[in-house]
Peer 1: 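Here it is, the structure in full.
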Protein chains: 2
Amino acid sequence: MTIKDARTPASSQDEQPIQGETSTEAGKSIGWHKAYVEGTRPDLRVPVRQVHLTNGQSVTLYDTSGPYTDPVADTDVRRGLAPLRENWIIARGDTAEYAGRPVRPEDDGIKHTSPRGGLRNLDAVFPGRPRQPRRGRDGQAVTQLAYARRGEITPEMEFVAIRENVSPEVVREEIAAGRAVLPANVNHPEIEPMIIGKRFLVKVNANIGNSAVTSSIEEEVEKMTWATRWGADTVMDLSTGRNIHTTREWVLRNSPVPIGTVPLYQALEKVDGRAEELTWEIYKDTVIEQAEQGVDYMTVHAGVRLPYVPLTANRKTGIVSRGGSIMAAWCLAHHKESFLYENFEELCEILAAYDVTYSLGDGLRPGSIADANDEAQFAELRTLGELNRIAKRFNVQTMIEGPGHVPMHKIKENIDLQQEICEEAPFYTLGPLTTDVAPAYDHITSGIGAAMIAWWGTAMLCYVTPKEHLGLPNRDDVKTGVITYKIAAHAADLAKGHPGAQDWDDALSDARFEFRWEDQFNLALDPDTAREFHDETLPAEPAKTAHFCSMCGPKFCSMKISQDIRRTHGGSRAEIEEGMAQKSQEFAAAGNRVYLPIAD
Amino acid sequence: MTIKDARTPASSQDEQPIQGETSTEAGKSIGWHKAYVEGTRPDLRVPVRQVHLTNGQSVTLYDTSGPYTDPVADTDVRRGLAPLRENWIIARGDTAEYAGRPVRPEDDGIKHTSPRGGLRNLDAVFPGRPRQPRRGRDGQAVTQLAYARRGEITPEMEFVAIRENVSPEVVREEIAAGRAVLPANVNHPEIEPMIIGKRFLVKVNANIGNSAVTSSIEEEVEKMTWATRWGADTVMDLSTGRNIHTTREWVLRNSPVPIGTVPLYQALEKVDGRAEELTWEIYKDTVIEQAEQGVDYMTVHAGVRLPYVPLTANRKTGIVSRGGSIMAAWCLAHHKESFLYENFEELCEILAAYDVTYSLGDGLRPGSIADANDEAQFAELRTLGELNRIAKRFNVQTMIEGPGHVPMHKIKENIDLQQEICEEAPFYTLGPLTTDVAPAYDHITSGIGAAMIAWWGTAMLCYVTPKEHLGLPNRDDVKTGVITYKIAAHAADLAKGHPGAQDWDDALSDARFEFRWEDQFNLALDPDTAREFHDETLPAEPAKTAHFCSMCGPKFCSMKISQDIRRTHGGSRAEIEEGMAQKSQEFAAAGNRVYLPIAD
């Protein structure tokens with residue numbers, strides 16, 4: 001495979017500094033750059049983050065940031081991203097454009113406030129919308145699962161194979177077996193394909209969404225690009241307020257990562273928040289609306305069945321999933337089985353025609369330590385296992401959502417049961433939070449559980465921000481949530497022994513041991529903050545090459561002493577062992593210096 | 001047991017608001033207060049944090065903050081804390097005061113810069129110092145271990161029994177078996193006794209210390225009180241620069257928690273940083289100096305033996321422990337066995353005479369994922385097991401330090417081996433960090449490992465701040481480090497099924513489900529930040545009683561819906577199951593409201 005640096009279009013003699021780039025005195029360019037690994041066809045270019053070290057080596061890291069970090073890409077949020085996958089989709093010849101469902105004012109939740117019936121905030125409508133949507137011809141399943149089962153390796157599969165450093169056949173096999181999903185709606189050609197499955201790198205989802213209380217369209221698009229810049233692999237748009245359709249359109253057209261939603265939220269808006277007025281028709285119409293826009297995966301709370309609602313009665317915190325509580329209220333109001341459960345097969349047919357992936361929601365997940373792994377949760381899980389099998393019959397890709405609040409000793413039971421009941425379908429968990437006592441730090445209470453459950457097989461982690469339980473995350477909270485979850489995901493990749501995962505740690509630890517501060521910063525998950533923290537105590541430029549830091553000062557730097565020992569006594573164990581006594585004499589003769597002054 | 005509120009000395013009719021207290025409209029006092037649980041004698045008062053809830057209930061939490069949070073205590077850092085344990089120590093009659101070692105200018109690391117030989121910065125000397133130190137008569141062991149083995153339950157043991165909500169006999173047994181330590185130097189009578197052992201609540205240590213590069217005495221004392229305010233159970237003073245003796249004196253006299261040190265750091269200062277000039281005599285003199293001041297536990301790197309040094313040669317990051325690298329350098333320079341290992345028995349005799357607890361240092365702990373659980377670390381661990389047995393012979397309380405950087409899948413092996421080799425002596429670990437790639441977030445990379453290793457038996461966790469590897473922690477970093485580690489410790493207490501641990505989570509979750517926002521804040525590990533985060537989005541006072549928050553808004557609050565379901569359909573499972581159909585009709589008749597407007 002060839003790695004093409006994103007800078008190559010510019011003259012290599014006249015490189016312009018881009019994000020993350022710095023120059024050493026010797027004029028050598030270090031830092032990190034967007035680069036691409038080319039596949040078997042010219043339009044298959046897999047983005048990577050290439051970190052150039054001061055020792056001349058480079059490290060290639062997975063990159064989710066999209067064209068926004070490519071200095072030669074010309075991005076404009078009002079135009080949207082280039083439709084990378086469009087030709088691949090068209091070339092398959094199994095989809096066709098059609099008129100599509102007309103966009104209505106109530107899609108933006110404003111039917112009751114705009115007597116004229118038109119869309120208010122016309123400025124906010126995405127330019128050139130609506131366009132013709134696309135779906136499978138004659139209702140056929142145009143899903144990556146269907147292709148995988150037929151033995152086809154799609155360009156999307158090759159793309160993720162390169163990203164994951166595995167063979168395309170492994171990708172195909174995992175998708176075909178239902179152990180992995182590649183969420184890629186035919187109406188979202190802008191995405192850079194990614195895969196979710198325990199055989200692959202652990203993924204992280206970031207939630208965004210204007211709530212009824214606050215936030216704006218621009219903020220949500222900005223949160224999306226911000227989250228992916230720090231490593232979010234997918235983004236869920238959980239908007240519930242005004243302009244819900246329009247916000248989603250902006251997010252989709254500008255998103256390089258798959259977008260997930262919970263269609264129930266929008267459906268509820270359409271009935272003014274009266275759960276009992278929800279109908280299968282309104283829900284279905286909403287799903288089609290969102291599928292036509294390009295939503296890649298949808299949370300469907302079809303496992304919240306009427307008989308399970310009473311199981312939550314003695315819980316400490318009842319039902320904490322919004323979707324779960326809405327469906328429970330509907331079931332009780334009508335004393336009827338859930339319309340999602342009853343119409344699940346028809347829903348499968350719709351999703352298959354767009355390649356929308358199911359994220360089967362855990363509406364009865366525990367909302368407190370006291371409620372973890374209880375009867376309600378496991379009853380729903382068994383139904384999710386049943387629905388998973390139905391979805392597979394319809395060739396719909398499926399992942400299963402998981403908790404929630406779970407103390408450490410109950411985490412393994414939780415995922416083991418999910419893997420067994422759901423035939424190893426990808427598990428997608430929210431944390432879990434390992435204690436309830438630390439509001440304002442739930443990124444940490446849940447980061448602990450997330451790392452553990454991912455080690456044991458969870459394929460994607462839904463992030464939790466410091467504002468969980470308290471308020472809406474702002475830009476800093478989104479970043480903190482994503483970084484925390486990237487840590488959990490990478491810690492799990494290491495624990496699973498994912499091939500190559502440790503190379504990153506090794507490169508950073510080498511840089512640390514050799515006092516290559518700039519390399520440490522550039523290799524860090526968050527170079528900006530690492531650099532800022534270092535400079536807070538030792539801001540001067542020479543400190544970036546100093547063989548110590550402010551923690552121990554020059555005299556007490558263990559790594560400095562360790563290096564000096566190695567330098568004095570030879571590098572390898574054999575050398576040290578064989579020559580220890582003699583070297584000891586030389587060491588004494590040389591003045592017994594175990595560390596050297598700063599100037600050294 | 002009786003709980004006395006710290007406010008009782010003041011008239012209960014005229015309560016002054018103290019920290020954490022707020023008043024409801026009804027005039028009822030809610031918030032949290034310092035209170036004391038009385039033991040079998042009037043001078044045995046165990047501090048607790050009493051949280052008064054709006055529903056009239058209260059929750060009692062473990063409290064490490066010392067007299068500083070007691071509004072009736074009159075604290076003054078220039079006078080120090082009251083010597084709580086003094087009478088207990090004197091009453092035992094096994095110690096005596098003696099002249100003590102004279103304090104010398106070089107104790108403050110200034111022999112080469114002050115030609116007159118006097119202490120500079122005289123203002124900084126603690127008032128009334130030096131005073132007569134105390135030690136075991138005729139060199140006898142005056143340790144809690146010796147008492148426990150003799151079957152004596154000391155006031156210190158009763159104190160921790162009340163704190164831990166176990167019987168004093170359990171405390172005595174655990175100490176006698178070497179499975180727990182109660183660090184309490186006879187020269188540090190100011191401490192509120194605490195215990196470290198896997199049978200008890202997981203403890204957290206916070207490091208402070210002026211490094212050679214920055215920081216001041218006042219800052220260090222302030223860091224200590226700040227760290228204990230947020231929950232640090234012990235504090236290690238790792239000062240290495242000027243005024244090292246004086247700083248320690250200030251910290252000790254003002255600390256309500258046990259203080260740990262690494263005497264090797266000060267010894268090295270005394271030989272101007274030349275490791276090869278260290279001698280047993282200089283080291284021993286430093287240990288006595290610190291024991292006379294009242295240091296409760298000391299890290300001793302006696303396990304770094306000459307033959308182990310070559311085992312580190314092929315490591316990625318060599319020796320990352322300061323103490324370990326200093327001892328390795330000394331061993332190589334002289335080509336001799338470590339003077340700490342060779343003189344360990346004499347050291348035991350000294351520590352026993354003051355009841356200084358060993359913290360046997362892991363000088364060869366791994367500093368990177370690549371070096372985890374390697375031959376060097378485990379070779380040293382076996383020696384620590386040997387030293388642990390020797391220390392027990394001398395009745396010296398002992399804990400064992402542990403790593404470091406360890407990927408998740410190698411953590412259990414690490415602690416299982418420690419428990420086996422060291423006969424269940426308390427393990428005291430630094431994290432471990434579960435990945436190397438996130439400098440600036442190592443409180444989180446290590447918080448993950450800390451929670452896991454504590455679940456599996458680590459008794460005390462040494463915190464890691466966001467500045468780890470990068471710089472010196474400031475006030476905010478100390479707080480973040482402590483809070484992160486309190487989360488890890490509490491998550492482990494839950495996972496271990498520690499009796500009563502879940503009560504705290506349950507109280508907070510009850511408050512959350514019932515929208516008692518003030519109670520949520522007051523029960524939170526960090527009430528200030530929880531409140532601040534809530535108010536960022538919904539600052540108005542009515543939002544504190546609102547039955548929703550800014551995350552979902554009023555319409556989508558799952559807990560609100562869940563409550564409404566319960567209210568409409570009856571509270572218990574039986575009621576819901578039996579009456580579901582009928583209730584459903586009533587629900588419809590009542591307007592099918594699944595949630596209520598804000599005003600409700």
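The chains referred to below are lettered A, B, ... by the order of the sequence lines, with proteins before strands, and numbering in each begins at 1.
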Peer 1: Please determine, among G449(A), G323(A), A450(A), A491(A), the option with the most heavy-atom pairs under 4.5 Å with chain B.
Peer 2: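 Among the listed options, the one with the most contacts to chain B is A491(A).
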Peer 1: Show the nearest heavy-atom pair for residues I448(B) and A451(A), with the distance to one decimal.
Peer 2: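 For I448(B) versus A451(A), the nearest heavy atoms are CG2-CB, 3.6 Å.
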Peer 1: Where on P527(A) is there a heavy atom nearer than 4.5 Å to chain B: the side chain, the backbone, both, or neither?
Peer 2: neither
Peer 1: Less than 4.5 Å apart, side chain to side chain, heavy atoms only: is that true for E536(A) and L470(B)?
Peer 2: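 SC-SC contact between E536(A) and L470(B) ruled out.
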Peer 1: With chain B as the partner, which of D505(A), T434(A), I444(A) has the greatest number of non-hydrogen pairs under 4.5 Å?
Peer 2: D505(A)
Peer 1: If we only count heavy atoms from C-beta on, is the L494(B) to I369(A) side-chain gap below 4.5 Å?
Peer 2: yes
Peer 1: Begin with the C-alpha distance, continue with both residues' side-chain angles, and end with the deciding distance and a verdict on side chain to side chain contact (heavy atoms under 4.5 Å, CB included) for H409(A) and W455(B).
Peer 2: CA-CA 8 Å; H409(A) 63 299; W455(B) 168 27; 3.7 Å; yes
Peer 1: How many angstroms lie between CZ in F533(A) and CD in E468(B), if you round to the nearest 0.5 Å?
Peer 2: 12.5 Å
Peer 1: Taking every heavy-atom pair that is under 4.5 Å apart, which of D510(A), D493(A), L523(A) has the most such pairs with chain B?
Peer 2: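 Maximum pair count with chain B is reached by D510(A).
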Peer 1: Heavy-atom pairs under 4.5 Å with chain B: which of R315(A), K410(A), E532(A) has the most?
Peer 2: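 Between R315(A), K410(A), E532(A), the count favours R315(A).
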Peer 1: So for A492(A), is it side chain, backbone, both, or neither that comes closer than 4.5 Å to the heavy atoms of chain B?
Peer 2: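 Contact with chain B involves both backbone and side-chain atoms of A492(A).
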Peer 1: Under 4.5 Å heavy-atom distance to chain B, tell me which part of S321(A) shows up: side chain, backbone, both or neither.
Peer 2: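 Contact with chain B: backbone only.
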Peer 1: Out of G318(A), P439(A), A438(A), return the one with the most heavy atom pairs under 4.5 angstrom to chain B.
Peer 2: P439(A)
Peer 1: Over all heavy atoms of both residues, which pair between Q502(B) and A370(A) is shortest? Give the atoms and the distance, please.
Peer 2: NE2-CA, 3.4 Å
Peer 1: Hey, which of G367(A), P466(A), G497(A), A488(A) has the most heavy atom pairs under 4.5 Å with chain B?
Peer 2: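 Most pairs with chain B among the choices: P466(A).
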Peer 1: With only heavy atoms counted, which part of I483(A) is less than 4.5 Å from chain B, the side chain, the backbone, both or neither?
Peer 2: side chain
Peer 1: Side chain from CB out, backbone as N, CA, C, O: work out which of these in N474(A) comes under 4.5 Å of a heavy atom of chain B, or both, or neither.
Peer 2: side chain
Peer 1: May I ask you to test the W456(B)-M408(A) pair for a side-chain heavy-atom distance under 4.5 Å?
Peer 2: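 No. Closest side-chain heavy atoms not under 4.5 Å.
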Peer 1: W504(A): which residues meet the ring pair (Phe, Tyr, Trp, His ring centres under 6.0 Å) condition with it, sequence neighbours left out?
Peer 2: H490(A)
Peer 1: If you define the side chain from C-beta out and look only at heavy atoms, does anything of Y441(A) sit under 4.5 Å from L525(B)?
Peer 2: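 In short, these two side chains do not touch, never coming nearer than 4.5 Å.
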Peer 1: Show your working on salt bridge (Lys or Arg N to Asp or Glu O under 4.0 Å) between R512(B) and D436(A) and close with a plain yes or no.
Peer 2: CA-CA 10 Å; R512(B) 185 171 280 154; D436(A) 305 339; 5.1 Å; no
Peer 1: Check whether L508(A) gets within reach of chain B through its side chain, its backbone, both or neither, counting any heavy atom under 4.5 Å.
Peer 2: side chain
